[in-house]
Amino acid sequence: MKLNKFSKELTQSDSQPASQAMLYALGLNEADLHKPFVGICSTGFEGNPCNMHLNDLSLHVKKGTESADTVGLIFNTIGVSDGISMGTDGMRYSLPSREIIADSIETMVNAHAYDAVITVVGCDKNMPGAIMGMLRLNRPGLMVYGGTIASGCYNDEKLNIVSAFEAWGKKVAGEISEEDYKGVIKNACPGPGACGGMYTANTMASAIEAMGMSLPYNSSKPALSELKEDDCFDSGKAVKLLLEKDIKPKDIITKKSLENAFTTVTALGGSTNAVLHFLAIAETAGIEFNLEDFQKISDKTPFLADLKPSGKFLMEDVHNIGGTPAVLKYLMDEGYLHKDCLTVTGKTIEENLKDVQPLSFDQDVIHPIEKAIKKTGHIQILYGNLAEEGSVAKITGKEGLRFEGTAKVFNSEHEANEGISSGLVTKGDVVVIRYVGPKGGPGMPEMLKPTAAIMGAGLGNEVALITDGRFSGGTHGFVVGHISPEAFDGGLIALVEDGDKIVIDAEKNVLRLMVSDDELKNRKLKWQQPEVKEKSGWLSKYSKLVTSASRGCITE
């Protein structure tokens, strides 16, 4: 079988002399033009620690492709730093960047006739965007994660990015000095790598490894290590086997492998963003996978990992106890994973895990099933009059399983942040942040700043927060997001008023506004859809194209 079935259109056709002239200009020779071409897509940029090292890692991937007698050609696409843009209008570009990443990969690989693609990614939206682009192309390829950041330290306290967000809440509450506030900020992030807890980046990396689209150990090898450089080289080398066996993303990504991925998210206590991203991945792959599938997995999968944001440990600690494969082996041996799913090694997940050392329980990072932190999953899909199309709650059990309180309504994140910092939010409130959904935001920004402020102010167990926006993987507390229909589309969240009673029940999976139907009809008559916030530019286009959160916010 020809391994260069796409690139040969450019490299072997007499009718493409200009194409070949340009390829020779790159330094390629005639022998190279008979080899398969591999696009290496890096989301590297200098603007944040998650991505600052990816262009360097791409060079190791390229060496790996060359060792396998293929031609690796590096190109770049964008990234948006959630940690930097969080709490600002820039955060509205974060989720939409996923679509640009997918579009860029599809564009470059098709336009330049690459036979395979390897994506080198770091931050949250990079990973699902990369997988979606690879699925659209359906050519041999795999994903390489840039790895987790090392922990920071200040006053003998282990730090990570969420420490900086929560320090602001502590400062507002008068619990820490200006000196200590600055000390936390300056020491929270010591260098390259994605945010260190089981936040969205590490969640998606672990899940994608479980799904079979990256090499074993890829998700847990730290960013600054020779192990990560070797991992990149091996990933570049691995693409040759995928070309030879013609193994493509749609051969690997199936309903069963998606179930493996979300089972891993559940066991590790991962981010609610995984729901959005796997809905989008499933739709791109043409797989029937909806909110009910997530709930079924959550109902039967225990929450085992004592990882931040709700726990004590970081991804570096998972690496130190055997890495993601040790966790996957334990889940598989206990009957929680489908063993026969194909992976990018050309082997099944069972074959990949055969020689992995079993997880030892003389550590506190991953609990055994009989001592699970919660017997069922922390991610719950709630329905009710406030969420007729569904919503996503992150309930670890530490916050309790039911919250009943009075609404404190804010029509933007900025309003909410001001309300929390000024003491407007008090014990027993359900903070409602609306008009921040996919269309209303536009862009469905994350609400980490207000949730971190609530935690920092010591109200984490006393206040709930619901929104048609979404949450960072760093969020913890009694929170419900992804409320659909969103306020901009006239969902019931648009009609909530201060003082209304709201019930959040994570045992019955209900989110309900306790207001009479007659009163709601009267409010609906008075409601007017607000004007679109963006009249031009990418966010304007996005607001016209994006679907609801219950469908993963894909664009169509």
Side-chain angles (χ1 to χ4, degrees), residues 1-46 51 54-79 97-121 126 129-144 232-233 235-251 284 344 537-538 541 555:
M1 183 183 71
K2 291 275 188 185
L3 304 187
N4 61 341
K5 64 181 180 181
F6 294 100
S7 62
K8 70 178 182 179
E9 299 291 326
L10 301 181
T11 61
Q12 303 303 306
S13 171
D14 287 340
S15 67
Q16 292 297 128
S19 305
Q20 291 157 30
M22 287 189 163
L23 292 170
Y24 282 123
L26 303 181
L28 302 182
N29 57 39
E30 191 166 350
D32 291 330
L33 266 59
H34 288 270
K35 298 174 183 177
F37 281 20
V38 180
I40 302 169
C41 177
S42 169
T43 58
F45 64 101
E46 291 184 335
N51 298 68
L54 298 185
N55 288 340
D56 292 333
L57 293 182
S58 297
L59 297 175
H60 294 284
V61 175
K62 183 179 175 74
K63 289 176 183 175
T65 61
E66 290 169 347
S67 76
D69 207 30
T70 63
V71 176
L73 296 166
I74 297 172
F75 66 94
N76 286 77
T77 186
I78 68 162
S97 74
R98 186 187 72 184
E99 311 307 304
I100 296 176
I101 291 165
D103 291 348
S104 298
I105 293 167
E106 176 192 357
T107 298
M108 285 294 292
V109 174
N110 272 327
H112 290 261
Y114 296 148
D115 302 294
V117 60
I118 301 171
T119 55
V120 186
V121 292
N126 299 178
I131 296 297
M132 290 162 67
M134 294 164 81
L135 278 166
R136 291 183 198 172
L137 295 160
N138 204 32
R139 299 183 191 185
L142 69 161
M143 190 194 85
V144 182
C232 291
F233 181 87
S235 296
K237 192 174 179 180
V239 79
K240 182 69 171 292
L241 177 72
L242 296 172
L243 283 160
E244 289 171 342
K245 294 194 171 186
D246 197 28
I247 296 172
K248 300 180 288 294
K250 288 185 179 180
D251 299 320
T284 306
V344 292
W538 165 227
K541 295 175 189 174
T555 52

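These numbers come from the heavy atoms of this one structure, side chains and all, not from hydrogens, waters or symmetry mates. Note that the coordinates shown come from a computational prediction; the quantities given were computed from them, not determined experimentally.
- Not counting sequence neighbours, the partners of Asn55 by the side-chain hydrogen bond (donor to acceptor under 3.5 Å, both in side chains) test are Ser42, Asn76.
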Between Leu135 and Lys250, does a side chain to side chain contact (heavy atoms under 4.5 Å, CB included) hold up when you go through it step by step?
CA-CA 7 Å; Leu135 278 166; Lys250 288 185 179 180; 3.8 Å; yes
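- In this structure, Phe37 and Leu28 have side chains that are in contact, with non-hydrogen atoms separated by less than 4.5 Å.
- Residues Lys35 and Ser7 share a closest heavy-atom pair of O-OG, 3.9 Å.
- In this structure, CG in Leu57 is found 4.0 Å from SG in Cys232, a value given to the nearest 0.5 Å.
- Note: Asp103 CG to Ile78 CD1 = 9.5 Å, rounded to the nearest 0.5 Å.
- Atoms CD and CG, from Glu66 and Asp32 in turn, are 8.5 Å apart once rounded to the nearest 0.5 Å.
- Within the model, atoms CG of Leu73 and CD1 of Ile118 stand 11.0 Å from one another, a figure rounded to the nearest 0.5 Å.
- Atom CG in Leu23 sits 11.5 Å away from atom CG in Asn29 (nearest 0.5 Å).
- The side-chain contact (heavy atoms from CB on, under 4.5 Å) check on Leu59 picks up Ile74, with sequence neighbours excluded.
- Scanning all heavy atoms of the two residues, the minimum distance from Cys41 to Ile105 falls at SG-CG1, 3.7 Å.
- Checked against side-chain hydrogen bond (donor to acceptor under 3.5 Å, both in side chains), Thr119 has no partners two or more places apart in sequence or in another chain.
- In plain terms, the two heavy atoms of Gly44 and Leu54 that are nearest each other are CA-CB, 3.7 Å.
- With contacts defined as side-chain heavy-atom distances shorter than 4.5 Å, the pair Val109/Phe75 qualifies.
- Leu33 has its side chain within reach of Gln12: a pair of non-hydrogen atoms, C-beta onward, lies under 4.5 Å apart.
- Listed by first then second residue, pairs satisfying side-chain hydrogen bond (donor to acceptor under 3.5 Å, both in side chains) with a partner in residues 16-26 read Gln16-Ser19, not counting sequence neighbours.
- A salt bridge (Lys or Arg N to Asp or Glu O under 4.0 Å) check over residues 106-115, counting only residues at least two apart or in different chains, returns the pairs Glu106-Arg136.
- Contact annotation: the side chain of Val71 never approaches that of Thr65 to less than 4.5 Å [non-hydrogen atoms, C-beta and beyond].
- Lys245 is linked by a side-chain contact (heavy atoms from CB on, under 4.5 Å) to Leu241, Ile247, counting only residues two or more places apart in sequence or in another chain.
- Annotation: Lys248, atom NZ; neighbour count of heavy atoms from other residues, nucleotides and ligands within 6.0 Å is above 12.
- With sequence neighbours excluded, no residue forms a side-chain contact (heavy atoms from CB on, under 4.5 Å) with Thr107.
- Between atom NZ of residue Lys237 and atom NE2 of residue His60 there is a gap of 15.5 Å, rounded to the nearest 0.5 Å.
- Residues passing the ring pair (Phe, Tyr, Trp, His ring centres under 6.0 Å) test with Tyr114 are His112, sequence neighbours excluded.
- Each salt bridge (Lys or Arg N to Asp or Glu O under 4.0 Å) pair with one or both residues in residues 5-30, not counting sequence neighbours, appears once here: Lys5-Asp246.
- Heavy atoms only, all atoms of each residue included: Val121 and Ala130 are closest at CG1-CB, 4.0 Å.
- The heavy-atom pair separating Thr77 from Ser104 by the smallest distance is OG1-OG, 3.0 Å.
- Proximity of Arg98 to Thr555: side-chain heavy atoms (C-beta onward) are nowhere separated by under 4.5 Å.
- Under the side-chain hydrogen bond (donor to acceptor under 3.5 Å, both in side chains) criterion, Thr284 pairs with no residue at all, not counting sequence neighbours.
- Considering every non-hydrogen atom in both Pro249 and Arg139, the closest pair reads CD-O, 3.1 Å.
- Under the 3.5 Å distance criterion, the side-chain polar atoms of Asn51 are matched with a main-chain donor or acceptor of Thr43.
- With sequence neighbours excluded, the residues that form a side-chain contact (heavy atoms from CB on, under 4.5 Å) with Lys240 are Leu3, Ala68, Asp69, Thr70, Glu244.
- By the side-chain hydrogen bond (donor to acceptor under 3.5 Å, both in side chains) test, Asn4 is found to be paired with no residue, residues two or more places apart in sequence or in another chain being considered.
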